Number of protein chains: 2
Amino acid sequence: MPGSTMQKRMLAAMRPATLGDEPVRWQQRKSAQTRLKMLEAAVDCLVTGGYAGLTTAQVAERAAVSRGAMHHHFATRIELVAAVVDHIFYQRIRLFLDDYLAAMAQRGDEELIDLATQAHWRSVQTREYAAYVELAVAARTDPELNAAFEPAARRYDEVWTAEMIESFPQWRDQWHAMKLGSDFAIAVHSGLLLHRPVFGQDRIDMVLKLSMQAISALYKS
Amino acid sequence: MPGSTMQKRMLAAMRPATLGDEPVRWQQRKSAQTRLKMLEAAVDCLVTGGYAGLTTAQVAERAAVSRGAMHHHFATRIELVAAVVDHIFYQRIRLFLDDYLAAMAQRGDEELIDLATQAHWRSVQTREYAAYVELAVAARTDPELNAAFEPAARRYDEVWTAEMIESFPQWRDQWHAMKLGSDFAIAVHSGLLLHRPVFGQDRIDMVLKLSMQAISALYKS
DNA sequence: CAAATAACCGGCTGATCTGCCTGTTTTATG
DNA sequence: CATAAAACAGGCAGATCAGCCGGTTATTTG
């Protein structure tokens with residue numbers, strides 16, 4: 001499994017279109033910098049106040065940017081939201097890959113599937129994933145958000161699937177099982193996240209253990 | 001498994017405190033009626049507009065009730081929200097039980113665990129569960145809502161657990177496995193709900209099948 | 001250096017929501 | 001029937017937000 005190749009390929013595929021690689025002009029760099037500052041502030045708003053807390057005023061304040069500057073970069077709220085959606089999906093892939101590749105470098109002797117599953121569970125517990133959940137839930141009842149969210153979600157899913165097929169050629173004949181295991185882990189992990197306050201850590205751990213057994217069993221048949 | 005006994009016990013345990021059983025006075029009946037009308041309208045708001053769409057104005061309009069009447073029953077928005085929380089948990093139990101008991105009466109020959117798991121998946125696809133998800137997600141970032149939501153969620157979880165233990169004495173020595181299977185199903189089903197737009201029905205069905213296998217395996221060991 | 005362009009600033013308006021308040025109608029009670 | 005109480009009606013003020021606009025500063029370009 002060519003780690004850095006995978007990382008570059010997936011990140012490139014999910015890179016927001018607005019990120020032109022390494023601008024040289026001072027203005028463009030400053031512009032991209034404040035733009036990123038606002039996107040990060042928007043993620044903060046999502047995490048602390050939900051999608052309803054993602055207001056232009058809040059973002060501007062958190063980013064320490066005037067509302068005029070904000071309006072210059074994002075004329076309307078929905079433009080900002082669309083940028084946040086792309087940003088979140090990009091970060092979601094980046095955080096998972098960083099974690100997974102680090103774990104693989106450190107403990108490459110263990111089962112790759114187990115390592116990937118554990119890395120995914122850790123990635124689900126990040127603030128970026130919390131922001132993703134807020135967007136995913138809000139997209140169900142907000143048509144404008146959904147118009148930006150669903151295409152990004154599909155793109156993310158396609159990149160994810162394609163990467164699995166290309167990165168693990170040794171299991172090419174079992175890629176249906178891999179995809180199923182991946183879908184399964186995604187469902188379990190996000191569901192656990194939702195019920196975590198009620199379940200508590202002990203029950204979470206038991207469900208995680210059961211899930212990993214079910215996933216492992218997929219490859220031994 | 002005494003079906004109707006279980007139903008009565010669980011419903012009684014989750015019954016909102018405000019519902020005094022069958023009032024006789026006209027005023028009280030009318031009052032309870034409009035109150036219920038507003039709660040149902042609030043669920044509509046949640047389903048179509050998310051927690052952010054649950055505004056006093058929207059609810060009053062959908063319920064065809066003046067804002068004055070609304071203020072008479074719920075002085076503040078958070079009072080309404082707290083009532084909606086109790087209402088939703090009560091409906092969530094009621095809908096599951098209705099479905100499960102009907103399925104058991106019709107196909108009592110199949111495995112009870114399978115029937116319960118399938119009934120739970122159906123209950124997850126109701127509008128009431130959609131409203132529950134909205135509340136659960138919003139409660140993570142809204143302290144006031146969380147103050148009403150978390151106790152209700154814990155009560156629901158306790159009722160659920162106690163019912164499993166009392167209703168299936170033949171598996172008393174395996175109730176840890178039952179609880180694990182239940183937690184597992186809850187996590188998988190809610191996670192699938194979240195990713196349904198991307199996964200599509202085919203992948204959903206495959207994950208469901210895998211989950212049921214994992215749950216069944218819990219009892220055969 | 002001057003003109004053009006990009007980034008940034010903050011006030012204004014209309015819409016919406018919440019909480020509060022004063023009346024009005026309907027039902028209950030003595 | 002008269003009085004009390006409950007249910008209902010809708011207007012008003014304060015706060016917040018999205019969108020818009022004219023003006024200002026900093027950078028680029030000829």
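Quick note on labels: first sequence line is chain A, next is B, and so on, each numbered from 1. Just so we're clear, the structure is a prediction, and the values are computed from it rather than from any experiment.
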Problem set entry | Whole angstrom value for the distance that separates P of dA7(C) from CE of M38(A) | 10 Å
Exercise. Does T34(B) put a side-chain nitrogen or oxygen below 4.0 Å from OP1 or OP2 of dC8(D)?
Worked result: yes
Problem set entry | ring pair (Phe, Tyr, Trp, His ring centres under 6.0 Å) partners for F74(B), two or more places apart | none
Problem set entry | Rounded distance in Å - CG (L36(B)) to C1' (dA7(D)) | 17 Å
Seminar exercise, completed: Atom CD of Q33(A) and atom C1' of dC8(C) are separated, to the nearest Å, by 14 Å
Seminar exercise, completed: Looking only at heavy atoms, the pair that brings V59(B) and A41(B) closest together is O-CB, 3.7 Å
For this session: Please list, by residue number, the residues of residues 70-83 of chain A whose heavy atoms come closer than 4.0 Å to an atom of DNA chain C; answer none if no residue qualifies.
Result: H72(A), H73(A)
Problem set entry | N/O (side chain, T56(B)) to phosphate O (OP1/OP2, dT18(C)) under 4.0 Å | yes
For this session: Go through the steps for F184(B) and F199(A) under the test ring pair (Phe, Tyr, Trp, His ring centres under 6.0 Å), then give the verdict.
Result: CA-CA 11 Å; F184(B) 181 77; F199(A) 283 1; over 10 Å; no
Problem set entry | Spacing between R67(A) atom CZ and dA7(C) atom C1', to the nearest angstrom | 17 Å
For this session: Please examine the side chains of R92(A) and W160(A), heavy atoms only from C-beta on, and report whether any two atoms are closer than 4.5 Å.
Result: no
Exercise. Hey, is CD on E79(B) packed in by over 12 heavy atoms from elsewhere, all under 6.0 Å?
Worked result: yes
Exercise. Under 30°, 30 to 60°, or over 60°: which ring-plane class applies to F89(B) and F149(B), parallel, tilted or perpendicular?
Worked result: tilted
Exercise. So do H176(A) and M206(B) actually touch side chain to side chain, heavy atoms under 4.5 Å?
Worked result: no
Seminar exercise, completed: Checking dG19(C), dC17(C), dA9(D) against the side chain of A57(B) (C-beta onward), the nearest is dC17(C)
For this session: Take the protein atom CG of L54(A) and the nucleotide atom P of dC17(D), then report the distance between them rounded to whole Å.
Result: 11 Å
For this session: Can you figure out which of dC17(D), dC9(C), dG11(C) approaches the side chain of Q58(A) most closely?
Result: dC17(D)
Seminar exercise, completed: Terminal axes of the helix from dC1(C)-dG30(D) to dG30(C)-dC1(D) (5 end pairs apiece), angle rounded to 10 degrees, sit apart by 10°
For this session: With the side chain of T55(B) defined as its heavy atoms from C-beta on, choose the nearest nucleotide among dT18(C), dA9(D), dC8(C).
Result: dT18(C)
